[in-house]
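In what follows, every chain begins at residue 1, and chains take the letters A, B, ... in the order their sequences are listed. Since the structure is predicted, the reported quantities are computational estimates derived from the model, not experimental observations.
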Amino acid sequence: MPGTSVHVQQLTKRFGATTALEDITFDVGKGELFGFIGPDGAGKTTLLRILTTLLLADTGRCTVEGFDVVKDYRRIRSISGYMPGKFSLYQDLTVEENLKFFATIFGTTISENYHLVREIYQQIEPFKNRKAGKLSGGMKQKLALSCAMIHKPDVLFLDEPTTGVDAVSRLEFWEMLQRLKAAGITILVSTPYMDEASQCDRVALMQNGRIMTISTPREVIRNYPLSLLSVKAGDIYQLLGELRKYPGVHSVYAFGQSAHVAFQKTKLDKDTLSGFLKKNNHAVVEIEPIEATIEDCFMELMNTPRE
Amino acid sequence: MSATIPNIITVKNLVKKFGSFVANDHLTFEVKKGEIFGFLGANGAGKTTAIKILCGLSYPTSGELSVAGFDIYTQREKVKRNIGYMSQRFSLYDDLTVFENIRFYGGIYGLRKKEINARSHLLMERLGFEAARDKLIRDIPLGWKQKLAFSVAILHNPKIVFLDEPTGGVDPITRRQFWDMIYEAAHDGITVFVTTHYMDEAEYCDRVSIMVDGKIAALDTPDNLKREFDAPSMNDVFIKLARA
């Protein structure tokens, strides 16, 4: 890795009786696209707010580009771009006024860094005189990313940029992030969508304030401890119930029109399972061994007791 | 679904304009009783506008609409009494307890005190929430909140329940448990009208409509849509349609 961009060591944060973050430790390399994957309440927002110097941790140490989040918070603010989960631009300013405002407070101009935001901003430029509050969800997101980028930050922090965004806009947003990564920017991004993990160089799977695992998406999948069969049959709801009765099954989860059935590695037996279902009046359409998805891995980690 | 099952929602040529902007452009569709109907579309396609009209919260510009057997222009209060609604946020009051929320919503829908007590008892038992009865909503996990919000939305046995992105931000296990509850409600005869950005959830619907730019671009069973668009999953169907 060509040097560390973000360093986090034994970070803990409590809100009253709630532990928002517990003993969080990780590093993000320069130029890396790093994902925090987890549902609401996992601690993703709290973590990003600490890293962007907007919130103080209870214990632990964090640095961004070598600067300490407590001592050097001013330096960090000037070299970071931050896109909060909640739309936080000025709703009664126009698209262009918002971008100009952010450029100005960071001591730069739109024209100086236009090349950085061009590909994103061009898509909303036809609406540059529209008030930000009147934009659609997808356009707001593009404007927010443009505003976070206009001062040419070294590190970009994005808090759930794709939440509530449709499948097509999500895809386009990740294409934009890949281009920013190619330009050398370090990106830390959080998301509740498990399928977005594959877009990241490395991911931290988070739940209830803890990091359950940190790895490349490939490695997370390789470490899945079970064997999986994908079963397709007519009525998925009935099928799930039937499969859960099958002896030796570890877990059964619906995945679209298929059911993913997990076994301990040694107990995988496609033909016996097929026979069992046929005997119970299920016309099995398809049954095949498959590789785990990140979502399979996430659910298995949720079910694994803490050491 | 067979043709003998009655329609619970009928929409004919629904148009909704805001000034010169056409948010809903001649929508025509039916939803059958007991169906799980997926209402998908890109951001800004006009889903929320249509749902507001179906729930009796906003008037259409033109078109004929009947919801739960009532006319959307002249019988709005009856429509409201016969539907349930749950959105991703703001469904429950954070500073009321679990039981207080149930009592509040039961009261709004005109249930008697005895009925509310009986139903809330049953509901807690079913969800395994007995120990959380007197806990504040803000102190229970998000997954519990979503399950409770759904149960509260169908407490008054509505004919239709509208679910607006009910599983957003929910962990993957709870998301699946939530769909078990949806199936159960549909099995009990409640029609489910649901929006989601999770395309795997679109596969769980009996039929799915996909809106693009204010129009319904496709409407069929997930299997038929995948065949029609020669796509392996609903995600691919959606991307093909919305990017076209």
Side-chain angles (χ1 to χ4, degrees), chain A residues 16-18 37-42 44 85 134-141 160 162-172 191-195 205-208 232 234-238 240-241 251-260 285 293-303, chain B residues 21 36 40-45 47-48 88-89 138-139 141-143 145-146 164-165 167-177 179-180 182-184 186-187 195-205 210-212 221-223 226 232-244:
Chain A
T18 312
I37 318 275
D40 290 0
K44 307 185 300 292
K134 299 273 181 211
L135 295 175
S136 75
M139 289 199 279
K140 278 182 180 165
Q141 179 207 39
E160 296 204 18
T162 55
T163 289
V165 172
D166 67 67
V168 172
S169 306
R170 284 209 280 139
L171 207 63
E172 288 172 355
T191 178
Y193 293 104
M194 307 277 147
D195 60 338
L205 303 190
M206 293 183 74
Q207 167 84 349
N208 294 333
K232 247 185 229 179
D235 185 334
I236 181 87
Y237 193 51
Q238 268 185 11
L240 293 173
S251 65
V252 179
Y253 290 115
F255 273 78
Q257 54 165 191
S258 312
H260 286 190
V285 181
T293 66
I294 290 286
E295 198 158 2
D296 290 299
C297 300
F298 195 97
M299 289 193 281
E300 182 50 30
L301 285 165
M302 280 177 75
N303 285 331
Chain B
F21 178 70
I36 301 175
L40 311 185
N43 298 111
K47 296 188 304 274
T48 306
Q88 186 192 343
R89 310 211 180 268
R138 76 161 82 94
D139 294 332
L142 175 85
K145 272 186 220 177
Q146 296 301 90
D164 198 359
E165 287 185 44
T167 55
V170 172
D171 74 70
I173 293 181
T174 307
R175 199 154 75 78
R176 285 165 174 80
Q177 291 168 345
W179 271 89
D180 285 349
I182 292 182
Y183 274 116
E184 223 169 277
H187 186 78
T195 74
T196 180
H197 286 307
Y198 288 102
M199 286 303 134
D200 61 330
E201 295 183 350
E203 313 262 6
Y204 308 146
C205 299
I210 299 176
M211 279 189 76
V212 179
T221 63
D223 276 343
K226 282 181 275 184
S233 70
M234 281 305 293
N235 192 48
D236 296 288
V237 171
F238 186 87
I239 286 169
K240 273 192 175 175
L241 267 171
R243 266 198 171 168

Of the backbone (N, CA, C, O) and the side chain (C-beta and beyond), which part of A:Gln207 lies under 4.5 Å from a heavy atom of chain B, both, or neither?
->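 A:Gln207 touches chain B through side-chain heavy atoms alone.
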Which residue out of B:Ile173, B:Asp171, B:Asp200, B:Asp223 racks up the most heavy-atom pairs below 4.5 Å with chain A?
->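 If we count pairs closer than 4.5 Å to chain A, B:Ile173 comes out on top.
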Test log, rule side chain to side chain contact (heavy atoms under 4.5 Å, CB included), inputs A:Ile294 and A:Asp195 = CA-CA 7 Å; A:Ile294 290 286; A:Asp195 60 338; over 6 Å; no
Apply side chain to side chain contact (heavy atoms under 4.5 Å, CB included) to the pair A:Glu295 and A:Phe255, showing each step before the final yes or no.
-> CA-CA 9 Å; A:Glu295 198 158 2; A:Phe255 273 78; 3.9 Å; yes
Closest-packed option against chain A by number of heavy-atom pairs under 4.5 Å, given B:Glu203, B:His197, B:Glu201 =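 Heavy-atom pair counts peak at B:His197.
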Close side-chain approach of A:Val165 to A:Tyr193, heavy-atom, < 4.5 Å |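 The answer is no; the side chains never approach within 4.5 Å.
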Plane angle bin for B:Tyr183 and A:Tyr237 - parallel if under 30°, tilted between 30 and 60°, otherwise perpendicular =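 Judged by the thresholds at 30° and 60°, the geometry between A:Tyr237 and B:Tyr183 is parallel.
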Among the options B:Asn235, B:Asp180, B:Val170, pick out the one with the most heavy-atom pairs lying under 4.5 Å from chain A.
->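 So the answer, after comparing B:Asn235, B:Asp180, B:Val170, is B:Asp180.
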Side chain, backbone, both or neither: which part of B:Lys226 has an atom under 4.5 Å from a heavy atom of chain A?
->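 Interface part for B:Lys226: side chain.
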Tell me, side chain or backbone of B:Phe238 under 4.5 Å from chain A's heavy atoms, or both, or neither?
->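 Both parts, heavy atoms under 4.5 Å.
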Largest heavy-atom contact set with chain B, pairs under 4.5 Å, which of A:Ala167, A:Ala42, A:Pro192 =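 It is A:Ala167.
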Would B:Lys145 and A:Asp40 pass as an ion pair if we require N to O under 4.0 Å?
->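 No salt bridge links B:Lys145 with A:Asp40.
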Region of A:Met299 that comes under 4.5 Å of a non-hydrogen atom in chain B =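 Contact with chain B is through both the backbone and side chain of A:Met299.
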Could you tell me which portion of A:Phe298 (side chain, backbone, both or neither) has an atom closer than 4.5 angstrom to a non-hydrogen atom of chain B?
->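 A:Phe298 touches chain B through side-chain heavy atoms alone.
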Does B:Asp139 have any salt bridge (Lys or Arg N to Asp or Glu O under 4.0 Å) partners at least two apart in sequence or in another chain, and if so, which?
->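 Result, salt bridge (Lys or Arg N to Asp or Glu O under 4.0 Å) vs B:Asp139: none returned.
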Within a strict 4.5 Å, meaning less than it, do heavy atoms of the A:Thr191 and A:Thr163 side chains meet?
->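 Sidechains of A:Thr163 and A:Thr191: no contact.
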Given that the side chain runs from C-beta out, which part of A:Asn303 has a heavy atom under 4.5 Å from chain B: side chain, backbone, both or neither?
->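 It is the side chain, since no backbone atom gets that close.
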